[in-house]
Protein chains: 2
Amino acid sequence: MKEQVIDKKTAIIEAALKLFTERGFHGTSTAQISKEAGVATGTLFNYFPTKEDLINSLYFKVKGQLSQSMGKEIEAQSPFQDKLRKIWSNLIKWGVDNQEEFLFVGQFCSSPYITKFTREEVMKEYVFLHDLVNQGIKTGVIRDFSAELTIAMFCQASRALVNLILDSDSSQDKNKFIEDGFQIIWKGLAKN
Amino acid sequence: MKEQVIDKKTAIIEAALKLFTERGFHGTSTAQISKEAGVATGTLFNYFPTKEDLINSLYFKVKGQLSQSMGKEIEAQSPFQDKLRKIWSNLIKWGVDNQEEFLFVGQFCSSPYITKFTREEVMKEYVFLHDLVNQGIKTGVIRDFSAELTIAMFCQASRALVNLILDSDSSQDKNKFIEDGFQIIWKGLAKN
DNA sequence: TCTACAATTGACTGATTAGTCAGTTACACT
DNA sequence: AGTGTAACTGACTAATCAGTCAATTGTAGA
């Protein structure tokens, strides 16, 4: 019973992710989502009271997965540069391996359908990056610019790199791109 | 007569820009656009055969304005770094001064409603940035990474900065942000 | 087997959509 | 003034929309 519930809810979320990414929010009808998920329209509205609730749940879930992946395998005692490099490659590998989710976040991060509440809840999961950067500034490893500026440049640069990898043919060396990209952003941020 | 024509077409384009940015493509009806523009629905379809034609025209126009602004006041004989700094500040000032257009481009650059044809036409106007970067690599002023990587990092970083300026309260010093941002990206790209 | 109840269904509704088109207006040229 | 024509209008249509709800299903516990 519980398994069934989770299954249908997951199926709806996955169908919505696929279709929202392909056709946008208003471009995708609840009927299409239900059909893709293999459930009745009524079932969708049983789990998500409105279409907006659905996209907010989806956004929250995907952003959570991203922040989870970002922080993976960071060793507390390793040098600052290695931590940042690991975050960098985590971000990029997440985007490349979860193309739909990556495009979804890009399309909806500044969309009016995502409520302020959802946005704020999501933000809470990114505190650790903020802390890390502030620590890097305080210990003099990276240059003393505003932490917001540093983080924004870092994160957007990682998105640029994912787009590049997704656009380029697969024969190109992904890891070369990732390391080259890190060389650019690290040299830009590092103190010496 | 000719003036009237241009006026109505412009009014439609401007209304569409505002509403598409606020509510998205499918979230904005042609009736809403017509009303905002102060024309009848029929008039809209007189100038743009379909809603998709409208958004493609709009995208082409806005991207054209961006590429125009980007290349402004670049002096041929000035050092490479100054050229790049000027492009950087041009990009950011365009985004800050043309907020609606900036958000529109961000929202629709990877949207399915923009046709491949429009995308390719737009690309043609960005050749000069590609040429400049290649020249910078050849003369050894910037590091020898793929030109696509360099341009992608540069352009996305500029978008990150505009977002930051738009989000921050207006009391903060805009020019400080712009110069700090350039310091990061320039140090990242430059050879020494 | 029977009961109770949550999960699920899909036909349905009133509202809204992109796009049409027959008719009106405004103006240039004679 | 009269004529031709391009711009413009907005009521209209068939299709589609988000969301509802009475009816059905599946199943856990008695």
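Note that these values count all heavy atoms, side chains included, but never hydrogens, waters or copies made by symmetry.
- In this structure, the side chain of B:Lys187 does not engage the main chain of A:Leu189 through any donor-acceptor pair within 3.5 Å.
- Atom CD1 in A:Ile12 sits about 14 Å away from atom P in D:dA18, given to the nearest Å.
- Residues B:Arg85 and B:Trp186 form no side-chain contact, since every pair of their non-hydrogen atoms from C-beta on lies 4.5 Å or further apart.
- A donor-acceptor pair under 3.5 Å links the side-chain atoms of B:Lys51 to the main chain of B:Phe25, judged by distance alone.
- The CZ-P distance, from B:Phe48 to D:dC8, rounds to 12 Å in whole Å.
- Between B:Thr43 and B:Asn46, the side chains place no donor N or O within less than 3.5 Å of an acceptor N or O (distance only, hydrogens not considered).
- Residue A:Phe25 contributes atom CZ, which lies 8 Å from atom P of D:dA18 at whole-angstrom precision.
- The closest donor-acceptor contact from the side chain of B:Asn134 to the backbone of B:Ala147 lies at 3.5 Å or more, if one exists at all.
- Linking ILVMFWY side-chain heavy atoms closer than 4.5 Å, directly or via other members, places A:Leu166 and A:Val62 in a single hydrophobic cluster.
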What does the B/S/- profile of nucleotides 10-17 of chain D look like, 5' to 3', with a 4.0 Å heavy-atom cutoff to protein?
BB-----S
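- Checking the phosphate oxygens (OP1, OP2) of D:dC8, a side-chain nitrogen or oxygen of B:Tyr47 falls inside 4.0 Å.
- At whole-Å resolution of the value, NZ in A:Lys9 and P in C:dA6 are 17 Å apart.
- Here C:dT17 presents its P atom at 18 Å from CD of B:Glu52, a figure rounded to the nearest Å.
- In this structure, CG of B:Asn46 is placed 8 Å from C1' of D:dC8, rounded to the nearest angstrom.
- One finds a salt bridge joining B:Lys86 and B:Glu73 here, because a Lys/Arg side-chain nitrogen approaches an Asp/Glu carboxylate oxygen to under 4.0 Å.
- A straight line from CZ of A:Phe45 to P of C:dC12 spans 18 Å, rounded to a whole angstrom.
- B:Tyr113 and B:Phe108 have tilted rings, their planes meeting at an angle from 30° to 60° on a 0 to 90° scale.
- Contact annotation for A:Thr50: backbone-only contact, meaning every heavy-atom pair under 4.0 Å involves sugar-phosphate atoms and none involves a base.
- Relative to the axis of its first five pairs, the axis of the last five pairs of the helix from C:dT1-D:dA30 to C:dT30-D:dA1 sits at 10°, rounded to 10 degrees.
- A donor-acceptor contact shorter than 3.5 Å links the side chain of B:Trp88 to the backbone of B:Ile178.
- The separation between B:Asp7 atom CG and D:dA7 atom C1' is 13 Å, rounded to whole Å.
- The phosphate of D:dT9 (OP1 or OP2) has a side-chain N or O of B:Lys8 nearer than 4.0 angstrom.
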